[in-house]
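Heads up: the structure comes next, in structure tokens.
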Amino acid sequence: MHSPLITLNNGIKIAQLGLGVFEEDFDVSKTKEAVKKALEVGYRHIDTAAVYRNEEEVGKALKEADVAREEIFVTTKVWNTDQGFDNALKAYDRSLKALQLDYIDLYLVHWPVKEKRKDTWKALEKIYKEGRVRAIGVSNYLVPHLEELETYANVVPAVNQIEHTPFCNMNSTHLKCKQMGIALESYSPMVRGLKKDHPILKEIAAKHQRSTFQILIRWALDNGVITIPKSSSSERIRNNFEVLDFRLGIDDLKALSTLHDGTRVADDPMDYL
Ligand SMILES: NC(=O)c1ccc[n+]([C@@H]2O[C@H](COP(=O)([O-])OP(=O)(O)OC[C@H]3O[C@@H](n4cnc5c(N)ncnc54)[C@H](OP(=O)(O)O)[C@@H]3O)[C@@H](O)[C@H]2O)c1
């Protein structure tokens, strides 16, 4: 079974459910096998970043896997210290080299670094206009960052990747993205396991005979959001993909909409105003 596809604002398609590969302890020795396992299970979308230090391992997995390059959607991101026009251009080339690819599907500005984000975006627009990347986008952009971007962007980002879960519910950003034609992508969709025993989640999970992790992934999918749960365990990579044969009901979504408590696992983008 394959993930549903979402059509981005330039017509290209992305698998709505992908694999994240950020290792919190930077032990990247697990990345290659994780990506190969994911491709075997049916994932066709891999999310990495220069700062994860595992683009090379992702590249090796893509080379060794039995799936054609054009069937796989690869995202990577320009890190904060590589921002600015010239630096971002160089960072793109470094990522291509590390991944052993001649194009990336989606290149994101990882965080909205205040003094540099405009020039960084101009660099991504140049790469895009030269046809060297299939789509460009941003990450950790909330409404104020998007409003500012509207004043200087010639290309509307295809994607905005943010932390967005029932516990960190970024509805206003989702609405703004919809208005701008930007697809929303949620990272850390399972809150890194922090909420696995939440009673409301457990109740919904029991009703559907699923895990609380699967319920959180399904919440993103049922809200029309792209998402990238991370695991480097073969079993969990498979479990996290086994969410394509059920949907949450209205009552479940209503119960999940009460869970916002501001829990974040990553920085607050409002600190990047
Ligand atoms: N743009 C950004 O600023 C940004 C920030 C953070 C993350 N991201 C992206 O989003 C991806 C996902 O976010 P994340 O890695 O922060 O958090 P996450 O996907 O919510 O959770 C990953 C954690 O949960 C564990 N896990 C996964 N599936 C599980 C299951 N079924 N049962 C029990 N434990 C499970 C994983 O351990 P095991 O690996 O041992 O299974 C890992 O410790 C990242 O990998 C990265 O690609 C982007």
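Just follow the structure's listing: the first ligand is 1, and inside any ligand the first atom is 1. Heavy-atom basis, side chains included; hydrogens, waters and symmetry copies ignored.
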Between [X] and ligand 1, which part of the residue brings a heavy atom under 4.0 Å of the ligand: side chain, backbone, both or neither?
X    : answer
N240 : side chain
F213 : side chain
P189 : both
S139 : side chain

Measure the distance from [atom] to every protein heavy atom, then report the residue, atom name and distance (to 0.1 Å) of the closest one.
atom                    : answer
atom 43 (O) of ligand 1 : E24 OE2, 4.3 Å
atom 12 (C) of ligand 1 : I228 O, 3.2 Å
atom 3 (O) of ligand 1  : N140 ND2, 2.9 Å
atom 6 (C) of ligand 1  : Y187 CD1, 3.3 Å
atom 47 (O) of ligand 1 : D47 OD2, 2.7 Å
atom 40 (O) of ligand 1 : R236 NH2, 2.8 Å
atom 27 (C) of ligand 1 : K230 O, 3.0 Å
atom 44 (C) of ligand 1 : F22 CB, 3.7 Å

Just by distance, do the side chain of [X] and the backbone of [Y] share a donor-acceptor pair under 3.5 Å?
X    : Y    : answer
Q214 : A205 : no
K122 : Y152 : yes
H260 : N169 : yes

What atoms in ligand 1 come closer than 4.0 Å to a heavy atom of [X]?
X    : result
H110 : 1 (N), 2 (C), 3 (O)
P229 : 19 (O)
W111 : 3 (O)
R192 : 6 (C), 14 (P), 16 (O), 17 (O), 18 (P), 20 (O), 21 (O), 23 (C)
V21  : 45 (O), 47 (O)
M190 : 18 (P), 19 (O), 20 (O), 21 (O), 27 (C), 28 (N)
Y52  : 4 (C), 8 (N), 9 (C), 46 (C), 47 (O), 48 (C)
V191 : 20 (O)

Checklist entry - Evaluating non-hydrogen atoms only, which member of R264, Q161, Q214 is closest to atom 48 (C) of ligand 1? => result Q161
Checklist entry - Any side-chain donor paired with an acceptor under 3.5 Å for E163 and N140? => result no
Checklist entry - Does a donor on one side chain and an acceptor on the other come within less than 3.5 Å for T212 and K196? => result no
Checklist entry - Does NZ or CZ of R132 fall inside the cone over Y107's six-membered ring, less than 6.0 Å from its centre and within 45° of the axis? => result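 No, R132 does not lie over the aromatic ring of Y107.
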Next on the checklist: Please say yes or no: joined through hydrophobic side-chain contacts below 4.5 Å, possibly via intermediate residues, are L39 and F73 part of one cluster?
Outcome noted: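 In one cluster: no.
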Item to check | Test item, N239 contacting ligand 1 (heavy atom, 4.0 angstrom) | outcome: no
Next on the checklist: So for S211, does at least one of its heavy atoms come nearer than 4.0 angstrom to any atom of ligand 1?
Outcome noted: no
Checklist entry - Could you go step by step and tell me if T263 and K195 meet the side-chain hydrogen bond (donor to acceptor under 3.5 Å, both in side chains) rule? => result CA-CA 9 Å; T263 302; K195 301 287 186 180; 3.3 Å; yes
Next on the checklist: Quick check on the 6.0 Å ring-centre criterion: do W219 and H164 meet it?
Outcome noted: yes
Next on the checklist: Just checking F22 against F26, ring centres under 6.0 Å apart?
Outcome noted: yes
Checklist entry - For Q179, does the CD atom have more than 12 heavy-atom neighbours from other residues, nucleotides or ligands under 6.0 Å away? => result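 Buried by this count: over 12 neighbours within 6.0 Å.
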Checklist entry - Looking only at heavy atoms, what is the nearest atom pair of L221 and Q16, with distance? => result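 Closest pair (atom of L221, atom of Q16, distance): O-NE2, 3.2 Å.
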Checklist entry - Looking only at heavy atoms, what is the nearest atom pair of Y103 and D105, with distance? => result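 Minimum heavy-atom separation between Y103 and D105: CE1-OD1, 3.6 Å.
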Checklist outcome for this item: Rounded to the nearest 0.5 Å, the CZ atom of R134 sits from the CD1 atom of I12 at a distance of 4.0 Å
Checklist entry - Purely on distance, is any nitrogen or oxygen of K77 under 3.5 Å from one on ligand 1? => result no
